Amino acid sequence: MMLSSFSERVWKVTKKIPRGSVATYKDIAYALHTKAYRAVGNALNKNPHAPIVPCHRVVKSDGGVGGFAHGTVKKITLLQKEGVIVKNGKVVEFEKRKVAFSSLR
DNA sequence: TGCCTGACTCAGT
DNA sequence: GACTGAGCCAGGC
């Protein structure tokens with residue numbers, strides 16, 4: 001068995017996303033050296049570390065907020081509290097809010 | 001063991 | 001610019 005399951009690795013990377021920044025499912029997958037974009041979303045959906053892992057900082061590659069276990073609205077609210085503006089379900093200046101790969105690795 | 005699903009992404013029309 | 005189909009991977013039944 002692996003030291004950490006795929007899901008655990010996803011959460012670990014997600015926790016590295018700095019406050020006020022966001023990362024995409026794609027970035028998370030790449031940081032784990034895989035292309036399992038959907039598996040990443042799956043892992044976050046089942047995320048048992050609700051407040052510990054900032055899963056609300058993970059969005060879609062086109063800037064969309066994606067989904068959230070507690071409701072998309074809640075996700076947007078949390079992001080805006082951290083200074084990330086969300087309009088029409090999309091992250092404003094998404095490209096600039098995106099965190100760098102090196103920060104995740 | 002094998003098929004289905006999913007908080008996705010990309011390419012083509 | 002928007003919609004559709006196909007591809008990708010891990011987890012669950």
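Just so we're on the same page: letters track the sequence lines, and every chain starts at 1. Treat the numbers as computed from the prediction; the structure is a model and nothing was measured.
- Applying the side chain to side chain donor-acceptor pair (under 3.5 Å) rule to T24(A) yields the partners D27(A); only residues at least two apart in sequence or on another chain are considered.
- The side chain of S61(A) contributes an N or O atom lying less than 4.0 Å from OP1 or OP2 of dC10(B).
- Among residues at least two apart or in separate chains, ring pair (Phe, Tyr, Trp, His ring centres under 6.0 Å) pairs with a member in residues 8-51 of chain A are W11(A)-H49(A).
- The two residues C55(A) and A50(A) make their nearest non-hydrogen contact at SG-O, 4.5 Å.
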Name the atoms and distances for all side-chain donor-acceptor pairs under 3.5 Å in residues 97-105 of chain A, with sequence neighbours left out.
| unit_1 | atom_1 | unit_2 | atom_2 | d |
| --- | --- | --- | --- | --- |
| R97(A) | NH2 | G83(A) | O | 3.1 |

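- Residues of residues 83-101 of chain A that place a heavy atom closer than 4.0 Å to DNA chain B do not occur.
- Nucleotide dA7(B) holds its C1' atom 9 Å from the NZ atom of K60(A), rounded to whole Å.
- In the hydrophobic clustering (ILVMFWY side chains linked at under 4.5 Å, chained through shared members), L79(A) is joined by V22(A), V59(A), V65(A), I76(A), V84(A), V86(A), V91(A), F94(A).
- Other members of the hydrophobic cluster containing V92(A), listed by chain and number, are I85(A); membership follows side-chain contacts under 4.5 Å among ILVMFWY residues, whether direct or relayed.
- Of the residues in residues 25-57 of chain A, Y25(A), K26(A), Y37(A), R38(A), A39(A), G41(A), N42(A), L44(A), N45(A), C55(A) come within less than 4.0 Å of DNA chain B through at least one heavy atom, sorted by number.
- With dA7(B), dT9(B), dG11(C) as the candidates, the nucleotide lying closest to the side chain of T24(A) is dT9(B).
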Would you tabulate the pairs of protein nitrogen or oxygen atoms and nucleotide nitrogen or oxygen atoms of nucleotides 11-13 of chain B closer than 3.5 angstrom?
none

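- With sequence neighbours excluded, the residues that form a side-chain contact (heavy atoms from CB on, under 4.5 Å) with K90(A) are D62(A).
- L78(A) meets the side-chain contact (heavy atoms from CB on, under 4.5 Å) test with H56(A), F68(A), K74(A); sequence neighbours excluded.
- Sorted by first and then second residue, the salt bridge (Lys or Arg N to Asp or Glu O under 4.0 Å) pairs involving residues 75-87 of chain A (not counting sequence neighbours) are R57(A)-E82(A).
- Applying the salt bridge (Lys or Arg N to Asp or Glu O under 4.0 Å) test to pairs two or more places apart or on separate chains, none has a residue in residues 29-54 of chain A.
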